[in-house]
Amino acid sequence: MRVIVVGYGVQGGKRARVAGDNCVALVDPIHPEAHFKSVEQVPLASYDAALVCTPDSAKFSVLSYLLAQGKHVLVEKPLLGENNAELLQLKELAARHQVSLYTAYNHRFEPHFQKMHELIQSGRLGKIYTVRMFYGNGTARLVRDSLWRDQGGGVIPDLGSHLLDTLLFWMGKPALNCQLYEANCWENKAPDHCSFGLQGDVSWHFELSLLSWRNHFYADVFAEHGSAHIDSLCKWGPSTFTYRNRVLPSGRPDESASVLIQSDPTWEAEWT
């Protein structure tokens, strides 16, 4: 499949490297290595699909053009609209032209995220009571100095969208009420540290930060028959998955753990 990369920044560079010889053109209005300044300039017969890595504000118009031309699209998260009607319009365009529109959430391809998904779906944990997740990095200064990133919801759509997608991946789409606990702008104009919760059959608690000077992720799932825990992502490894089988009426649980020390496998897996 011949692809073009639209938006040749950090993410666009990753996508182009993974696509390798399948990448036939780079599109970016300012990058000196780009072959075209706009997606409309690329000959339609030269490619089959696009990897869209533009700022959020440009996505709707770029996606509308590509889908109308019958091109498959991978778009970097988050895919946001001014309203639901815009997103439904994109969905209808993709269906009408029989092409795929895929929002990229590469963490679904983390080995331990997939292991957690399998464990939850197996039912061995029983009823899930509560899930806690933290996702933090130290990019506050980079975001602040960006031409476009330090605006809007800040860390919430940036990292929070990953955690909300993880909820969908692990447990489907439950009916939930959302409560924002705090949103702070310690160093940036837009929120750079926040926490929020989702309440329903399962209680979810999320914390996000651009002020975590050592990049870190964790997830804790507490349930009827035990608990499961992820400590770190592969890219920040070692990444550990721990499963604890509850002992009744109380006591130290049976515990098993697996540790991965490897480079980030998610980009190649998502491409495949």
Under 3.5 Å, side chain of S46 to main-chain N/O of P43, donor-acceptor pair present?
-> yes
Could you tell me which non-hydrogen atom of V5 sits nearest to which non-hydrogen atom of C23, and how far apart they are?
-> CG2-SG, 3.9 Å
Kindly say whether the aromatic ring centers of F222 and Y129 come within a distance under 6.0 Å.
-> no
Look at the side-chain heavy atoms of Ile, Leu, Val, Met, Phe, Trp and Tyr, link any pair under 4.5 Å apart, and say whether V39 and L26 land in one connected group.
-> no
Has the side chain of K77 got a donor or acceptor atom that lies under 3.5 Å from a matching backbone atom of D158?
-> yes
Tell me yes or no: between the side chains of N177 and Q179, is some donor less than 3.5 Å from an acceptor?
-> no
Donor-acceptor side-chain pairing of Y102 and E270 below 3.5 angstrom = yes
Residue pair D231 / T240, side-chain donor-acceptor N/O under 3.5 Å | no
Only one of H107, H193, H216 passes ring-ring contact (aromatic ring centres under 6.0 Å, His included) with Y135; say which it is.
-> H107
Do the rings of F217 and F113 sit parallel, tilted or perpendicular, given the 30° and 60° boundaries?
-> tilted
Less than 4.5 Å apart, any side-chain heavy atom of R96 and any of L67?
-> no
Establish, from distance only, whether the side-chain atoms of R108 and H117 form a donor-acceptor pair under 3.5 Å.
-> no
Once the angle between the rings of H162 and Y105 is folded into 0 to 90°, is it parallel (under 30°), tilted (30 to 60°) or perpendicular (over 60°)?
-> perpendicular
For the residue pair F196 and L163, establish whether any side-chain heavy-atom pair is separated by less than 4.5 Å.
-> no
Is the closest side-chain heavy-atom distance between D56 and K59 below 4.5 Å?
-> yes
